[in-house]
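Here is the structure we will look at.
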Amino acid sequence: MNAILIIASKEFQDGIRSRWVLSISLVFAILAIGLSYFGASASGIVGFTSLATTIISLSSLAIFLIPLIALLLAYDSIIGEDEQGTLLLLLTYPINRSQLLLGKFSGHAAIMASATLFGFGGAAILVAIITGQLNSPELWKSFGFFILTATLLGWIFIAMAYVASVMVSEKARAAGIALMLWFWFVLIFDMLILGSLVINKGASGGEWLSYLLLLNPTDVFRLANLAGFEAARSYAGLAHMGGGQLFEPLALTGILMTWVIAPLLLSVWLFNRRRI
Amino acid sequence: MKPVIELRGVSKHYGNFHALDDINLSVGEGEILGLLGHNGAGKTTTMKLILGVITASSGEVRLLGKSPIGRHADVLRRSMGYLPENVSFYSQMTGREVLYYFAQLKDIATSTCKELLQRVGLSHAADRRVGTYSKGMRQRLGMAQALLGNPKLLLLDEPTAGLDPTATAEFYEMLQILRQQGTSVLLSSHVLPGIERYIDRVAILGGGRLLDVGTINELSLRAQLPISVHARGQWPDVDWATRLSKRALNFQHISEQRLELTAHLDSKLELMRILLAEPTIEDIEIISPSLDQLYAHYNQPKPTEVDL
């Protein structure tokens, strides 16, 4: 069997053994069901709400949660092996560093993908049964796209966690970098953009500001999921942003993929230079 | 003897720090070489160079005649086993699962794992989580892992650290069997007492330099370490001081019946003749310099040496 596959399947089994897959799936499922039921409570209604509202609220919450889970899952991937003494041992085996890293990444990616699929997928099925929308192609399309992009978002932050993990010589530092990444991409980045909008009084820069959003994968994820709904665009105040071709769901998905590949390649490059 | 490991003028520098300087060393087929040295002497760095995990700053490392680095080295790596110094493995997996994982990575049939676990004495604990293992059991699991695929060459970094005396003895018995099968072993250790019997040659590292290499006897001769002789007998009138004055370095007449002295290794036989010439002598015991003393001799504190 191929080395990458062996390492990936070990990593995935670790995820099942340590109940990562189970607990992430449950968190996602509860989140999705809860939001689809209470999602419209702000407007005074309780009960299963429109698909658009559900997806919008879900993506807002996913932006906080998925990066955090992904970073937690993977921050110690390489540095953890190093501290256990297994990294040096593995490198004396007939595998090279890139194979080791890609194998571990594939395993973590599979954990994330299955948790997203089971969690959100299960919730979607449940909601569809309750609301009698089992035959609605709209529901499956939106949820399918949401699951795909949520998985990509998870992979992006797993890849970022790998960069942190190969850079450091101590687990605690990797955890610190992971937290900083989360703060930057989830909280600070958007705050800075909002701030600059307010300072400019919205007078200028609408165009380049929307391109600036592409530099943050969580914003790309949000845009991708909102783009599908005309209603959502105005609802989320995004109507004036990102009207270009780059902001079509397909293109945004491509950008998300780029966001997976770039940090992953960076981590491979850094790992090959790491002093053992 | 064809060398299995060969190091020619190997140095490894990290910036200004000289981890290893001009090391020349070889290990032959079926030979057990002990790599001794204090912490930071360069033992682990030497192993990493041989394993091909790091590259030498200068000099040449050859494993079975080939470089341990590069794509073709995968073949070499299948005929090589390594036991790292501190390895705690994956605490969530069972011993068997860990061994299966490493067997798969080494492309070895997992059916050999059962026999290996038996050989290192872990069959009873094979299905327990590694997290519950004692240090000794982890070391055994590490050994099983190193033995995957019947390697021609074993590199063992502090293999007996944390093992109790019985387990240590068992471990060295296992090495004897492996040696008879032609396996070459390079082992590093700072646990010295009792390992003399099991190793063929010793290489002593200090401050990144190879201080000396050879059999324990050769090293003792070179280091001019004294032997001790204890004699017992009934000799009220013998004047040992005059008789032995030329040969003994140090001489103590403990009582009428007991005599203790130290002497150079090369005057051993002459001393014996003098002692045996006295008919009242009842018993002679010769204590050769131990590895401990040899080690201490080479590691006498030098003010310029930095302990890292």
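Convention: sequence-line order gives letters A, B, ...; per-chain numbering from 1. The figures here come from the full heavy-atom set of this structure, side chains too, leaving out hydrogens, waters and symmetry mates.
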>> How close do A:Gly85 and B:Pro84 get, counting heavy atoms only, and between which atoms?
In response: O-CG, 4.2 Å
> Where is the tightest heavy-atom contact between A:Arg17 and B:Gln92, given as atom of each residue plus distance?
Replying inline: CD-O, 3.3 Å
> Is there a side-chain contact between A:Leu88 and B:Glu85 (heavy atoms, below 4.5 Å)?
Replying inline: no
Pairs of donor and acceptor atoms involving the side chains of residues 108-117 of chain B, under 3.5 Å and at least two apart or interchain, shall be tabulated with distances.
from     : atom 1 : to       : atom 2 : distance (Å)
B:Thr112 : OG1    : B:Ala109 : O      : 2.9

>> Looking at B:Arg201, I'd like to know if its CZ atom is crowded, meaning that more than 12 non-hydrogen atoms belonging to other residues, nucleotides or ligands lie closer than 6.0 Å.
In response: yes
>> Could you check whether atom NZ of B:Lys106 has more than 12 heavy atoms from other residues, nucleotides or ligands sitting under 6.0 Å from it?
In response: yes
> What do you reckon, is CZ of A:Phe183 surrounded by more than 12 foreign heavy atoms closer than 6.0 Å?
Replying inline: no
> For the residue pair A:Tyr93 and B:Gln145, what are the closest heavy atoms and their distance?
Replying inline: OH-OE1, 2.8 Å
> Relative to chain A, which segment of B:Leu148 carries a heavy atom at a distance below 4.5 Å: side chain, backbone, both, or neither?
Replying inline: side chain
>> Could you measure the distance from the OH atom of B:Tyr90 to the NZ atom of A:Lys10? Nearest 0.5 Å is fine.
In response: 4.5 Å
> Given the options B:Phe102, B:Phe89, B:Tyr100, which has more heavy-atom pairs under 4.5 Å with chain A than any of the others?
Replying inline: B:Phe102
>> Can you tell me which of B:Ser91, B:Ala73, B:Ser88, B:Gly52 forms the most heavy-atom pairs within a distance under 4.5 Å of chain A?
In response: B:Ser88
>> For A:Ile95 versus B:Arg77, what's the shortest heavy-atom pair and its separation?
In response: O-NH1, 3.9 Å
> What part of A:Gln13 lies closer than 4.5 angstrom to a heavy atom of chain B: side chain, backbone, both or neither?
Replying inline: neither
> Has B:Arg209 got more than 12 heavy atoms of other residues, nucleotides or ligands less than 6.0 Å from its CZ?
Replying inline: no
> Is there a side-chain contact between B:Met93 and A:Asp14, using heavy atoms and a 4.5 Å cut-off?
Replying inline: yes
> Any side-chain heavy atom of A:Ile7 sitting closer than 4.5 Å to one from B:Leu105?
Replying inline: yes
> Between B:Tyr101 and A:Thr86, is any pair of side-chain heavy atoms under 4.5 Å apart?
Replying inline: no
> Which residues, numbered in order, of residues 53-68 of chain B come under 4.5 angstrom of chain A by heavy-atom distance?
Replying inline: B:Val53, B:Ile54
